[in-house]
2 protein chains.
Amino acid sequence: MKIAVAKEIDPSEPRVAASPDTVKKFKALGAEVAVEPGAGIKSGLPDSEFTAAGATVSADALKDADIIIKVKRPEGAELAQYKRGALVIAIMDPYGNDAALKAMADAGISSFAMELMPRITRAQVMDVLSSQANLAGYRAVIEGAEAFGRAFPMMMTAAGTVPAAKVFVMGVGVAGLQAIATARRLGAVVTATDVRPATKEQVESLGAKFLAVEDEEFKNAQTAGGYAKEMSREYQAKQAALTAEHIKKQDIVITTALIPGRPAPKLVSADMVRSMKPGSVLVDLAVERGGNVEGAKPGEVVDVDGIKIVGYTNVAGRVAASASSLYARNLFSFIETMVDKKEKKLAVNWDDELVKATALTKDGAVIHPNFQPKSS
Amino acid sequence: MKIAVAKEIDPSEPRVAASPDTVKKFKALGAEVAVEPGAGIKSGLPDSEFTAAGATVSADALKDADIIIKVKRPEGAELAQYKRGALVIAIMDPYGNDAALKAMADAGISSFAMELMPRITRAQVMDVLSSQANLAGYRAVIEGAEAFGRAFPMMMTAAGTVPAAKVFVMGVGVAGLQAIATARRLGAVVTATDVRPATKEQVESLGAKFLAVEDEEFKNAQTAGGYAKEMSREYQAKQAALTAEHIKKQDIVITTALIPGRPAPKLVSADMVRSMKPGSVLVDLAVERGGNVEGAKPGEVVDVDGIKIVGYTNVAGRVAASASSLYARNLFSFIETMVDKKEKKLAVNWDDELVKATALTKDGAVIHPNFQPKSS
């Protein structure tokens, strides 16, 4: 059983799919681990660290590998290097990428999309969306602080008081919660909102204030609990007016709203951006999916009359060392379920719900029900 | 009494010497306030904010002004615009700049160096070194977090634990203390050191650990208290060995050691830099004075085998809005002492110890005892 750790070919991808820690664990499972030279360098992991953990580092690491682990979906030239039948596991970004899925099928690989892991207890340790969103939420606050011309904490000095920064987090998933926690750590006054009234309690447990029109409808939705119940049109209009008024007074707005497989919802209009004070900052974590903020551009910091819209892509990758470390552990936990520990051999159970939920291609075909080629 | 707020001509200087708040206060003293167009823009203060506070904004703001307030020492072309006899107050950087001092004398202005303000209780509200160092210490941590590929706080996630970052602060003055506080806020494990054993208590009161060889000599020096007592050569060697060993294990090193009027002490050698792990970050707040870290370059982020040395200059200026706000209040507090509040007129008392300590030039001559032209 040979596991290969690929070097990412996308220059904007600094993460790597293994760590010295997971290399040791793979070895303990009976695997041989080969790493492409320089694979970890942008995550602060020189080849020597992989070697010290028991991996071999060589240019033909991918050759004859039974499992290839990556961060991003392999592209044409990469696929040609893989053995037919190899398992290739990565963040596959499958939505709307039918041609890329077909290419993987044609290459004869068994490909798995980590981001399709079901959100069940057993798979929590493999949940790459959570592990990366958590770091993106932390990093969004650091980017906000970097772009902001004021200090975050209130400072009582001999010359007077510097007020605490006002931070507003829109979208309270994993990223939003970590953004709230980090902004609070740095001393900001934090508010947050989400379409799910049930998140109010989580926001408040982190010491932030929940922003919502708290009428009867809200209270009923809140006790009903659970996932985004559609609110009435009338409620949405009231909430939008409240939000617009609130944004005017904020120093930093961090948006994190994503809908799987669909464009990100527009939360902040150009008018709302311009209503903010000069020097204010918006950080749009959804920019790769079209953005929550009107005017946000992927990979850029846009200046609108002195208000900055930070649109960095791959924000988790901007804390690459931590992101790689957690991603590597997500991968290990999944691969561990595919190994017969007694025989120390690969033994994929194609009926396992984790495998069924994530497997995109196998034996030359796209097998995932959500991504079947449309009959024409 | 006309007070002019100059726009800085140095493009790397984003701060401004007044805020809407201090404009109002100057008006209350009976002054007329004129601001050069765009003076506050890089501090998030459009002209309209100054106008709203009661200032006039115009291109000839400096004309006939009795007091000109600036951030940086005026250069040749600027001096020509000032009325002879005008008071010009700024951060003058007087050490080793004899020609610039002579130019100010020749222009006939009365110039005052804010950074020479005596460190007495009455002048605390005017202490620009403290107000700016405080913000630089905060910002040093933000720069460190931005350059660092890991998260600062310990994170307990389903995929495992991300360890807390280890931050080491060298030099525990105002900047060092704020760096300690900020790194602690962000969840780092913080250690600090200083040549003054008396700072141990301050470091510990912020929840950080003091790094020192705590032998008899140290304990005696500590109880003796006060300012940098020279330690024995033997002690210094032991302390240096301990520090070198400590730095190897750190993720972030922030250096803040300055000696007024002299080059910054070298605290971290190139060997010590290279002893750190790839991905580690050093932030050198003393880089403008030659640097505490070997290899640091002003205005640059130097990469040494994957270890970054951050050498931004004017770090307080990187939180320009807060820095301007505090600096403006420092200036106001000083100018307030030069005004006869009953007559609402300028009335400088040249015998006041604050004036004597800060006045560099007057009536065509350099008058400060520390900067007398050397007889040749």
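Numbered from 1 within each chain, the chains take letters A, B, ... in sequence-line order.
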**OP:** Look only at the side chain of A:Arg318 and the backbone of B:Ala147, and say whether a donor-acceptor pair between them is shorter than 3.5 Å.
**Re:**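 It does not hold such a pair.
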Original post:
Between A:Thr182 and B:Leu186, is any pair of side-chain heavy atoms under 4.5 Å apart?
Top reply: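 Touching, per the 4.5 Å side-chain cut-off.
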Do you know which two heavy atoms are closest between [X] and [Y], and how far apart they sit?
| X | Y | result |
| --- | --- | --- |
| B:Asn330 | A:Ala159 | ND2-CB, 3.3 Å |
| A:Val319 | B:Ala151 | CG1-N, 4.1 Å |
| B:Gly160 | A:Leu326 | O-CD2, 4.0 Å |
| B:Thr161 | A:Arg329 | N-NH1, 3.1 Å |

Pick one of side chain, backbone, both or neither for [X], based on which atoms fall under 4.5 Å of a heavy atom in chain A.
| X | result |
| --- | --- |
| B:Met126 | neither |
| B:Phe152 | both |
| B:Gln178 | side chain |
| B:Thr157 | side chain |

Most heavy-atom pairs under 4.5 angstrom with chain B, which of [options]?
| options | answer |
| --- | --- |
| A:Glu143, A:Gln124, A:Glu146 | A:Glu146 |
| A:Ser280, A:Gly279, A:Ala323, A:Ala145 | A:Ala145 |
| A:Pro46, A:Gly44, A:Ser325, A:Pro153 | A:Pro153 |

Going from [atom1] on [X] to [atom2] on [Y], what distance comes out if it is rounded to the nearest 0.5 angstrom?
| X | Y | atom1 | atom2 | answer |
| --- | --- | --- | --- | --- |
| B:Arg150 | A:Ser324 | CZ | OG | 8.5 Å |
| A:Lys277 | B:Glu49 | NZ | CD | 9.0 Å |
| A:Arg184 | B:Arg185 | CZ | CZ | 10.0 Å |

